[in-house]
Student: 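First, the structure itself, so that you have it in front of you.
Predicted model only: the values in this text are computed from it and were never measured. A note on names: the letters A, B, ... follow the listed sequences, proteins ahead of strands, and every chain is numbered from 1.
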Protein chains: 2
Amino acid sequence: MVQTADRVLTVAARLFRAKGYEGTSTREIAKLAGIEKASLYHHIGAKEDLLYTLCDESLNRLLSGVERVLATEKDPRLRLQQAIHAHVLAVLADLDTHTTMLRELRGLTGARRAHVLARRKEYELMLREIVSDSQNSSVLRTDIDVKMLTLVLLNMLNWTIFWFKPDGTLSASQLADLLTRMYLEGAVASS
Amino acid sequence: MVQTADRVLTVAARLFRAKGYEGTSTREIAKLAGIEKASLYHHIGAKEDLLYTLCDESLNRLLSGVERVLATEKDPRLRLQQAIHAHVLAVLADLDTHTTMLRELRGLTGARRAHVLARRKEYELMLREIVSDSQNSSVLRTDIDVKMLTLVLLNMLNWTIFWFKPDGTLSASQLADLLTRMYLEGAVASS
DNA sequence: GTCTATAAAGAGATAGAC
DNA sequence: GTCTATCTCTTTATAGAC
């Protein structure tokens, strides 16, 4: 039997992805979790706790993924490829949680919002270091600055959440491969 | 003097981008527009009207942009480049309106939601045709299917809304150029 | 076309029994 | 740890005067 607190978090993530944080009521969360609304407040202090916990969880997974890559792979090009894989597989394996982090940050206030923003920045800068190393090793082009190269990469990777279908013909791993090739080689026909 | 109805729409777009559709109250919209909340309802029937009008406006501009390119440019590669430019310039010239369309569709219900979804699909399919023509003319690679090539392109273009700074050092046109190069050539160093 | 006033529903959250 | 009942505030929207 899954603990109630975990189930609450799971259904909250599902609802936040489907209807947005502001668009989801605590009544809906309670109902989907199979408890009364008041019981919810035995497990959380406020609705915002759920959002914060989900964002934190998402970033913990992404950060530990890229840290593992940094610890185990030293070759710049392979590092980049493995970081892309780790990112895409993590995100697509739990669309509810990561979509919530990517889209619903607005719902957080004060120190928690600042904390999540800081960890997002931290993650972006780790990827930027990987991209930078690849530039220095002549793996990636240097006529576009590292910040842009990294932001475009994240654009390509993150927003697959809007159209990736877990039950489709393309697996997450296959999509990660495809994105890697497109990011590195581009869309032009090889002459 | 700008008409009240237009001002309402403008401030609604600004607020919807900043706080989300569900996170924005009609009180805030009225206040920022300089009228009482009740007066708002002389101009609109419901809050959702604002969201629908903004989504429709966004898609009208994007569709007419790509239609103009199709009408005036026949070369596949130039068509693709011009379509990218038209898209990026349109979106970045009015971040409030286009961000609302891209992010807040969830707030629409019923037939209006279906209508906006249909026009988004229509736009995607027009871009897909351009990409497909480029494949057939050996401009773009054919080892990745047209649907994926188009979705990745839209990923790259659309989500610049989250980090493009209108007052930054990079102009919208320069960013469009950069995205075009990255999409076509990729990130690898040319050997 | 804008106002003051208010209705009606829904939101997040709490009290206190079991 | 869950419940019933309720509080308080905010929400969207309307009525009707000017």
Student: Considering residues at least two apart in sequence or located in another chain, which fulfil the side chain to side chain contact (heavy atoms under 4.5 Å, CB included) criterion with B/A33?
Tutor: B/V8, B/V11, B/I35
Student: Looking only at non-hydrogen atoms, find the nearest pair between B/L184 and B/R77 and report the distance.
Tutor: CD1-NH2, 3.9 Å
Student: Could you check how far NE2 of B/H42 sits from C1' of C/dT2, rounded to whole Å?
Tutor: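 Roughly 9 Å, once rounded to whole Å.
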Student: Between A/E104 and A/R17, is there a side-chain N and carboxylate O pair less than 4.0 Å apart?
Tutor: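 Result for this pair is no, no salt bridge flagged.
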Student: Check whether any side-chain N or O of A/T4 sits under 4.0 Å from OP1 or OP2 of D/dG1, and answer yes or no.
Tutor: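 No, outside the criterion.
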Student: Within 45 degrees of the ring normal and closer than 6.0 Å to the centroid, is that where the cationic atom of A/K47 sits relative to A/Y21?
Tutor: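 That pair qualifies as a cation-pi contact.
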Student: Looking only at side-chain atoms of B/H43, point me to the closest of D/dC3, C/dT2, D/dT11.
Tutor: C/dT2
Student: Please give me the minimum heavy-atom distance between B/A13 and B/T100, naming the atom from each residue.
Tutor: O-OG1, 3.7 Å
Student: Round to the nearest Å and state the distance from B/K31 atom NZ to C/dC3 atom P.
Tutor: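 So the NZ-P distance, B/K31 to C/dC3, works out to 13 Å.
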Student: Only counting residues at least two apart or in another chain, list the ones meeting salt bridge (charged side-chain N to carboxylate O under 4.0 Å, His left out) with A/R112.
Tutor: A/D49
Student: Select one nucleotide: of C/dC3, D/dT2, D/dC3, the one nearest the side-chain heavy atoms of B/I35.
Tutor: C/dC3
Student: Tell me which donor-acceptor pairs under 3.5 Å the side chains of residues 162-170 of chain B have, and how far apart each pair is, sequence neighbours excluded?
Tutor:
unit_1: B/W163; atom_1: NE1; unit_2: A/N155; atom_2: OD1; d: 3.1

Student: Which donor-acceptor pairs under 3.5 Å do side chains of residues 117-128 of chain B form with protein atoms, sequence neighbours excluded?
Tutor:
unit_1: B/R119; atom_1: NH1; unit_2: B/N60; atom_2: OD1; d: 2.3
unit_1: B/R120; atom_1: NH1; unit_2: B/M101; atom_2: O; d: 3.1
unit_1: B/Y123; atom_1: OH; unit_2: B/H87; atom_2: ND1; d: 2.6
unit_1: B/E124; atom_1: OE2; unit_2: B/R128; atom_2: NH2; d: 2.9

Student: Separation of B/R7 atom CZ from C/dG1 atom P, in whole Å?
Tutor: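 About 12 Å, once rounded to whole Å.
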Student: Within the sub-3.5 Å range, which N or O atoms of nucleotides 13-16 of chain D have a protein N or O partner, and how far apart are they?
Tutor:
unit_1: D/dA13; atom_1: OP2; unit_2: B/Y41; atom_2: OH; d: 2.9
unit_1: D/dA13; atom_1: OP2; unit_2: B/K47; atom_2: N; d: 2.8
unit_1: D/dA13; atom_1: N6; unit_2: B/K37; atom_2: NZ; d: 2.1

Student: Given atom CD of A/E36 and atom P of C/dC18, what is their separation to the nearest angstrom?
Tutor: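 Rounded to whole Å, this separation is 17 Å.
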Student: In residues 10-24 of chain B, which ones come under 4.0 Å of DNA chain D, going by heavy atoms?
Tutor: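 Nucleic-acid contacts, sorted: B/T24.
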